[in-house]
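Position 1 is the first residue of the sequence; numbering continues from there. Remember, it's a predicted structure, so these values are computed and weren't measured experimentally.
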Amino acid sequence: MTTSCDQTSLLGTPAPGHPCRYDTVPPRLVDRERPENVLFASAAFDGERITAVPRPTAGHPYFGDRPEGQDGVDLRTILEMGRAAAFLAFEAVGDRRAGMCVAIARARLIRPAPSVVPAPRPGEPGGPGAYVMRCARLRDTFWSFAATHSAGSPGAPSAGSCEGRATILDSRRLAALRAEERRLRIAALRAERPDDGPAGSATPGEVGRRRPENVFVAGVRHTPDGTRALLRVPAAHPVVHDPAYDHLPALALADAALQLVHARHGGRVEVREIDLRPTRFCETDLPVRLSLGSTGTRPGELSFEAVQGGMTVARAQLVTVGV
């Protein structure tokens, strides 16, 4: 599995000029259980940065499920590769701990792709098409990271970048806080007015998907001011619930935001940037209300909010362009 480090869990400490490398990235190193959800074919660590070679996602049942006519990478892929690179980097430096939470703060899609990409360092699997990630410790329980994917093949339609953070959480304190917040959310949900009608799931075509299991919104309602819906993620979704978290990951909320944009604007716009800020853990078994509207600050900029039991669990700003 490794070619230059004899390690069972870490990429290890590389010698000068001899980076540690995985020819195959094990799912556990990127916090996955299913091998098909590992988007990196190989990876290397040179003491300063992670360089990984992405797998093609065109045939993936989730990451390859895109609007008709869209090729290259999309924002979901960029978000997942940033998340995976972060977990991989923490393994590399030996700082993977219980209670670690990785949150992607911002992801950008770059079209057209840059024509010049950095040459790989000796021994790296990188170069055109590589995903390069750097991270920095800000304090003992807080990391920041930034990553860039460059699609370097001739005619490649897109590339992207993401930034994020990782925190080490006190599990006992977190459990007590979540229990109290859950009690408050349930009380607020009981006091809410009932919906105006049944919240049927949107059709795949409405939200830019082809597979019904990848539709995450229901009860979509459009008004002159924006779009509202409910979050509805299948209980056994093969990516969102890999591994089986006790909360909904940020990827599900980001995808719901992208689906609302498509539901409102169809194929007339493309989301180039999403700045997602999770504010609380999103429980898996309580309803979540979604809203999307214009920020009113500049053309093409939209705001998104996810609310569960009267508490905001995520906010996002999205930058769109006409296509």
Side-chain angles (χ1 to χ4, degrees), residues 62-63 65-67 70 74-80 82-83 102-109 160-165 185 188 192 195 199 201-202 204 206-209 214-233 237 239-240 247-284 286-323:
Y62 176 67
F63 294 106
D65 189 357
R66 305 170 187 150
Q70 185 184 106
D74 69 352
L75 281 170
R76 293 172 303 155
T77 307
I78 293 295
L79 286 165
E80 174 59 22
R83 171 191 171 280
V102 170
I104 304 295
R106 177 175 295 173
R108 297 176 61 235
L109 191 62
S161 66
C162 75
E163 302 167 359
R165 62 193 183 279
R185 290 184 203 187
E192 284 183 356
D195 289 329
S201 292
E206 285 181 88
V207 297
R209 301 289 178 258
N214 293 332
V215 176
F216 291 173
V217 296
V220 178
R221 299 187 182 98
H222 301 295
T223 69
D225 297 327
T227 298
R228 297 182 181 276
L230 295 177
L231 182 68
R232 182 171 291 177
V233 179
H237 193 275
V239 173
V240 173
H247 63 279
L248 284 175
L251 178 63
L253 297 169
D255 195 0
L258 298 175
Q259 291 185 25
L260 284 190
V261 173
H262 194 93
R264 186 166 184 86
H265 298 284
R268 300 186 301 276
V269 303
E270 179 185 57
V271 180
R272 291 285 181 89
E273 182 174 331
I274 182 169
D275 189 349
L276 180 71
R277 303 296 170 129
T279 55
R280 290 179 171 88
F281 282 91
C282 185
E283 304 293 338
T284 60
L286 300 178
V288 181
R289 298 183 183 278
L290 310 174
S291 61
L292 178 80
S294 172
T295 62
T297 56
R298 55 174 173 160
E301 187 174 81
L302 304 173
S303 63
F304 167 83
E305 185 176 27
V307 177
Q308 187 175 61
M311 296 183 180
T312 299
V313 294
R315 289 188 177 93
Q317 284 191 339
L318 303 97
V319 177
T320 67
V321 296
V323 294

(message) In the structure I gave you, are the side-chain heavy atoms of His265 and Leu302 within less than 4.5 Å of one another anywhere?
(response) yes
(request) Please name the pair of heavy atoms, one in Ala252 and one in Leu231, separated by the smallest distance, quoted to 0.1 Å. (result) O-CD1, 4.4 Å
(message) Quick check for you: to the nearest 0.5 Å, what is the distance between Arg221 atom CZ and Arg228 atom CZ?
(response) 10.0 Å
(message) Just so I know, are the side chains of Leu79 and Leu276 near enough to count as touching, which here means a heavy-atom distance under 4.5 Å?
(response) no
(message) Do Leu230 and Arg289 have side chains that approach each other closer than 4.5 Å (heavy atoms only, starting at C-beta)?
(response) yes
(message) I'd like to check Arg66 versus Thr77 (side-chain heavy atoms, cut-off strictly below 4.5 Å). Are they in contact?
(response) yes
(request) State, yes or no, whether a side-chain contact exists between Glu206 and Val217 at a heavy-atom distance under 4.5 Å. (result) no
(request) Mind listing the closest non-hydrogen atom pair of Phe281 and Val313 along with its distance? (result) O-CG1, 3.9 Å
(request) Give the minimum heavy-atom separation between Val220 and Ala202, together with the two atoms involved. (result) CG2-CB, 4.2 Å
(message) Ignoring hydrogens, what is the shortest heavy-atom contact between Ser303 and Ser294? Give both atom names and the distance.
(response) OG-O, 4.2 Å
(request) Identify the heavy atoms of Asn214 and Arg209 that sit nearest to each other, and give their distance. (result) O-CG, 3.9 Å
(message) For His262 versus Val207, what's the shortest heavy-atom pair and its separation?
(response) CD2-C, 3.4 Å
(request) Starting at CG of Leu260, measure out to CG of Asp255 and round the result to the nearest 0.5 Å. (result) 10.0 Å
(request) List the steps and the verdict of side chain to side chain contact (heavy atoms under 4.5 Å, CB included) for Leu258 and Leu318. (result) CA-CA 9 Å; Leu258 298 175; Leu318 303 97; 4.1 Å; yes
(message) With heavy-atom distances below 4.5 Å as the criterion, would you say the side chains of Asp74 and Val271 are in contact?
(response) no
(message) Using side chain to side chain contact (heavy atoms under 4.5 Å, CB included), reason through Phe304 and Ile274 one step at a time and then give a plain yes or no.
(response) CA-CA 10 Å; Phe304 167 83; Ile274 182 169; over 6 Å; no
(request) Could you grab the distance from atom CG of Leu248 to atom CD of Gln308, nearest 0.5 Å is fine? (result) 7.5 Å
(message) With rounding to the nearest 0.5 angstrom, report the CD to CE distance, Glu283 to Met311.
(response) 10.5 Å
(message) Working to the nearest 0.5 angstrom, can you tell me the gap between Arg232 CZ and Leu290 CG?
(response) 11.5 Å
(request) To the nearest 0.5 angstrom, please state how far the OG1 atom of Thr227 sits from the CG atom of Asp225. (result) 10.0 Å
(request) Using a cut-off of 6.0 Å, state whether more than 12 heavy atoms not belonging to Arg280 lie near its atom CZ. (result) yes
(request) Give the intermediate values and the outcome of side chain to side chain contact (heavy atoms under 4.5 Å, CB included) for residues Val269 and Arg264. (result) CA-CA 10 Å; Val269 303; Arg264 186 166 184 86; over 6 Å; no
(message) What I'd like to find out is whether the side chain of Leu251 reaches to under 4.5 Å of the side chain of Tyr62, using heavy atoms alone.
(response) yes
(request) State, yes or no, whether a side-chain contact exists between Glu305 and Thr312 at a heavy-atom distance under 4.5 Å. (result) yes
